[in-house]
Protein chains: 2
Amino acid sequence: MSELAELRQDSESPKRQLVLDAATALFMAQGYGAVSMDAIARAAGVSKATLYAYFSSKDQLFATIIGEACRQNIVVSNFLPGDETDVRASLTALAGQTLRFLLEERPLAIQRVVISESVRFPELGRAFHDNGPGVFRRVFGEWLTAETMAGRLAVPDPAIAADQFIGLLRSGLYLRATLGLTPPPTEAEIDATVAATVDIFLKAYGPSGSHATA
Amino acid sequence: MSELAELRQDSESPKRQLVLDAATALFMAQGYGAVSMDAIARAAGVSKATLYAYFSSKDQLFATIIGEACRQNIVVSNFLPGDETDVRASLTALAGQTLRFLLEERPLAIQRVVISESVRFPELGRAFHDNGPGVFRRVFGEWLTAETMAGRLAVPDPAIAADQFIGLLRSGLYLRATLGLTPPPTEAEIDATVAATVDIFLKAYGPSGSHATA
DNA sequence: GTCTATAGAAGGATAGAC
DNA sequence: GTCTATCCTTCTATAGAC
């Protein structure tokens, strides 16, 4: 029991968490430059001195928050089709799950912030990629390899195919959402994008003769 | 002769152009928040008072510059394959031209700035989309329709197919470039992405039996 | 029209009381 | 540990000389 306390981070201070929560919300919504330390302290309900007791600078606070957000920004961790043999159903489930995740406000905000600040904070671009698209490419690529060996797919280069799958999902709807264009995508549009992605993917990488349509 | 002068914009002041050039470079490189009016005036070699004589505020200067940059950010304007009948060659040329354009520093910078400031300046997201991906989808979609009617392609929904083409080009390499990851893409990598894009596109939308490989 | 100089506000960071 | 109050810098924007 007492070991549990030892396993905790040394950052269990409640005020520290208040600062982190407030700063996260503000940075995600407005980006680095538009948020002041005054605004963070006010939103957290603490003084600026307390804020600086936990974080030595605005830069460090920002990098801590966005880096941690990137590390938690995993999309495919629970994609384990296991004994599923219906490839189209598996791909459709994965595409739907992935695109809906990408279109959530938080992942959209993380991507916006990382892209805009990747010049000033290069490590954020790396963290975002390695924990997001990089993980997807690895996990999905391994699955594509297994499916190819099982004869259910014919994927010559799993890394390229995984990148293409991501690219197909990130076209159209997602690009418009990234640019903040209204109105937000409807469920029907999301399903249509998912279906179109699975269609083109299976036409290209399905076993010969599996050129089924929606 | 004298009509020429009348045709000119009322913005032919050389100092105004100096300000525009300097501000464009700075905003592209560092974004809105990190650039001060002092820095712009210094880089342009004019005083701040002169700067404010031409642009009433930092917001207006920024919106003017980025909006104009979006309007000039056209990618497919000179894509006119004309009497070309080799679809694979046409698609390869278009894909290579488009991806190389997207990977240039200026389009990358425009996209970064627009994405990061689309919350504060919603009209920029719209201008970027309508002059960039929107134009591509329309022009390329019309071409796909013509090729389909000519029997050289079989594209059921040109708008979706055009979005997918863009998405395929924007996967992998381009995503990493957007995040500022080093090293920059090599010519070989660009060619490989182009080839992979054309391959999957033709497998899905080529006329039956044209499943050629690279 | 253009400059120098500066006003007025806001930002990041800190000293010192409690 | 936390707060109030403040320092110093930098920012946007402008007044006034030439």
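Only a predicted model underlies this, so the values are computations on that prediction, with no experimental measurement involved. All values below were derived from every heavy atom in this structure, side-chain atoms included, with hydrogens, water molecules and symmetry-related copies excluded. So that the names make sense, note that chain A is the first sequence line, chain B the second, and so on, each numbered from 1.
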Between A:Asp130 and A:Arg137 (salt bridge meaning N to carboxylate O under 4.0 Å), is one present in this structure? no
Just call it for B:Tyr54: base, sugar-phosphate, or nothing, with non-hydrogen atoms closer than 4.0 Å on any strand. sugar-phosphate
Which part of the nucleic acid, if any, lies within reach of A:Ser36 when heavy atoms closer than 4.0 Å are counted: base, sugar-phosphate only, or nothing? sugar-phosphate
Among the candidates [options], find the nucleotide nearest to the side-chain atoms of [X].
X	options	value
A:Tyr52	C:dG12, C:dC3, D:dT12	C:dG12
A:Lys15	D:dT2, C:dG12, C:dT2	D:dT2
B:Ala49	C:dC3, D:dA13, D:dT4	C:dC3

Take atom [atom1] of [X] and atom [atom2] of [N], then tell me their distance rounded to the nearest Å.
X	N	atom1	atom2	result
A:Asp38	C:dA13	CG	P	11 Å
A:Leu51	D:dC3	CG	P	10 Å
A:Lys58	D:dC11	NZ	P	12 Å
B:Arg42	C:dA5	CZ	C1'	16 Å
B:Leu26	D:dC11	CG	P	12 Å
B:Gln30	D:dC11	CD	C1'	15 Å
A:Phe62	C:dG12	CZ	C1'	16 Å
A:Leu61	C:dG11	CG	C1'	15 Å

For DNA chain C, whose closest nucleotide is more 5', that of A:Asp59 or that of B:Ala53? B:Ala53
Side chains of B:Tyr205 and B:Glu147 only: does a donor on one sit below 3.5 Å from an acceptor on the other? no
Pairing donors with acceptors under 3.5 angstrom, does anything connect the side chains of B:Arg106 and B:Gln72? no
Look at the rings of A:Phe201 and A:Phe140 and say which category their plane angle falls in: under 30° parallel, 30 to 60° tilted, over 60° perpendicular. tilted
Which class fits the ring pair A:Phe27 and A:Tyr32: parallel under 30°, tilted 30 to 60°, perpendicular over 60°? parallel
Look at the side-chain N and O atoms of B:Thr50 and state whether any lies under 4.0 Å from the OP1 or OP2 oxygen of C:dT2. no
Any N/O donor-acceptor pair, B:Lys48 side-chain to D:dT12 base, under 3.5 Å: yes
